[in-house]
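Accompanying notes for the structure given below.
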2 protein chains.
Amino acid sequence: MSLRYGLLGLLNYYDMSGYDLKKTFESSLQYMWSAKSSQIYRELGKMEKEGLVLSKIEQQEKKFDKKVYSITKLGITAFQEWLEHFPKNLELPIRDEFIVRVFFGEHLSFENLIFEVKRFKKQREDTLEALTTILITAKHAAAEDGLDKSYYFWKLTINKALKETQAEIEWAKETIDELMNRS
Amino acid sequence: MSLRYGLLGLLNYYDMSGYDLKKTFESSLQYMWSAKSSQIYRELGKMEKEGLVLSKIEQQEKKFDKKVYSITKLGITAFQEWLEHFPKNLELPIRDEFIVRVFFGEHLSFENLIFEVKRFKKQREDTLEALTTILITAKHAAAEDGLDKSYYFWKLTINKALKETQAEIEWAKETIDELMNRS
DNA sequence: ATATTATATTCAACAAGTTGAATATAACTT
DNA sequence: AAGTTATATTCAACTTGTTGAATATAATAT
C-alpha cells in the first residue's frame with residue numbers, strides 16, 4: 001500500500017507515464033523499493049480513481065500515445081501525510097533466499113557453499129559499481145532539471161546502500177576465507 | 001513459496017508444533033526471514049496435505065493438546081532440492097519505508113528528519129544487542145542439543161546481520177552529523 | 001481478587017506482489 | 001532484409017502476506 005507514495009513522490013518532480021515511472025524507479029528507488037511494471041500500471045489506475053493523480057493522453061510524433069500522469073492537490077496532501085508519518089518500527093521485513101540457505105549450510109558441501117558465497121560477493125561488487133554510476137548520473141540529471149535540493153537527499157540514501165553493500169562484501173570475503181580453511 | 005523450506009529446515013533439527021516453529025523463527029531466522037503465526041499455521045496445513053510433514057496430537061499434562069509436526073522423507077527431499085538450488089539473482093526485493101522517506105526528505109523539516117534518523121540509529125543499536133544475545137543463546141542451545149555443526153552456519157549468518165547493522169549505525173551517525181551541520 | 005501475559009490454534013477477508021500473455025510500433029543491429 | 005531491443009500498456013490468474021477475531025487455559029504480576 002505504499003508503492004503509491006513512491007509514485008506520488010516521483011510525480012512531484014515532473015509528470016510521467018507508467019513507463020517513465022518504471023524507468024525512474026530503476027535509477028533511483030530500486031535500492032529501497034522494488035516494483036514490477038504491472039504493479040505500477042495497476043496502482044496508477046487505482047490512484048486515478050481515487051483522485052490522487054490525473055492522466056492525459058499525449059500524442060507523440062512517431063511513437064505511440066503516452067498516458068502521462070500528474071499529481072493532484074489531493075495527491076500532494078496524501079503524499080505529505082504519508083511522508084511525515086514514519087512507521088514506529090523501522091525494521092524491514094526481510095526475505096533473503098540466499099542467507100537462509102547458508103543458515104542450513106550443514107546440508108550442503110563446502111565446495112558448493114563457497115561457490116555460492118563467491119557468486120554473492122561478485123553480485124554485490126556489481127551493485128557497488130551500479131550505485132556509484134547512479135550517484136554520478138543522478139547528479140547530472142539533478143543539475144539539468146534544477147533538482148539540486150533533491151539530489152542532496154538522494155545522495156544520503158545512496159550512501160546508505162553503499163555502506164551496506166560494502167559490509168556485505170566484507171562479510172563475503174571473511175566467510176570465503178573461513179569456509180576455505182575449514183574444508 | 002519458500003517459507004515452507006524454512007519450516008522444513010527447522011523440522012530437520014527436531015519435531016515442533018506451529019507455536020514452537022514460530023518461537024524458533026523468532027530466535028533464528030527472524031533476521032533473514034519474517035513470518036507471522038497465521039502464515040506458519042496455514043503453510044503447515046498445506047504442507048501436510050502435500051505430504052511434506054506429518055502431524056500428531058500430543059497431550060500435555062496441564063496445557064492444551066499440541067499438534068506436533070515432523071518432516072517426512074518427501075519433505076527431506078524437497079528441502080534438499082530447494083537448498084541446492086540457489087536463486088540466480090541474489091539481490092533481495094527491498095521495501096524500506098524508512099529510507100524512501102529520506103529520499104523524499106526535501107519535503108520534511110531538518111528537525112523532523114534528524115529525529116527520525118536518530119530513532120533509526122537507536123533501533124539498530126537494539127538490533128545489534130539482540131543479535132549478540134542470540135549468538136550466545138544459540139551457542140548454548142546448540143551445545144545442549146548436539147547441534148554444534150549447525151551452530152557453525154548459524155554463526156556465519158549472524159555475522160552477516162551484525163556487519164550490516166554496524167554499517168547502518170555508521171551511516172546513521174554520519175547522516176545525523178551531516179544534517180545537523182546543514183540545518 | 002483481578003488483570004495481564006503466554007500458550008496454542010484456526011479461519012475469513014483483505015491487500016499486495018508475481019507471472020505471463022497479449023498487443024503494437026520504432027529504432028537499431030547484424 | 002530480418003531480427004532484436006526499446007517503447008508503452010493492459011489484464012487475468014495466482015501466490016503470498018497481513019489483520020483481526022475467535023477460543024481456551026495456565027501462570028504470573030499487581
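These numbers come from a predicted model, not from an experiment.
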[N], OP1 or OP2 - any side-chain N/O from [X] closer than 4.0 Å?
{"X": "R42(B)", "N": "dG17(D)", "result": "no"}
{"X": "K23(B)", "N": "dA8(C)", "result": "no"}
{"X": "Y41(B)", "N": "dT10(C)", "result": "no"}
{"X": "K36(B)", "N": "dG20(D)", "result": "no"}
{"X": "R95(B)", "N": "dG17(C)", "result": "yes"}
{"X": "Y19(A)", "N": "dT7(D)", "result": "yes"}
{"X": "K46(A)", "N": "dA15(C)", "result": "no"}
{"X": "K66(A)", "N": "dT9(D)", "result": "no"}

Across the strands shown, which category fits [X] at heavy-atom distances under 4.0 angstrom: base, sugar-phosphate, nothing?
{"X": "S38(A)", "value": "base"}
{"X": "K22(A)", "value": "nothing"}
{"X": "S17(B)", "value": "sugar-phosphate"}

Regarding E43(A) and R4(A), does a basic nitrogen lie under 4.0 Å from an acidic carboxylate oxygen?
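Looking at R4(A) together with E43(A), the answer is yes, because their closest N to O distance falls below 4.0 Å.
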Pi-cation contact, W171(A) with R124(A) (under 6.0 Å, within 45°):
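No, R124(A) does not lie over the aromatic ring of W171(A).
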Which atom names give the shortest non-hydrogen contact between L108(B) and N112(B), and what distance separates them?
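Heavy-atom minimum between the residues: CD2-ND2, 3.8 Å.
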The test is salt bridge (Lys or Arg N to Asp or Glu O under 4.0 Å); show your working for D20(B) and K66(B) and say whether it passes.
CA-CA 10 Å; D20(B) 296 334; K66(B) 253 189 172 187; 3.1 Å; yes
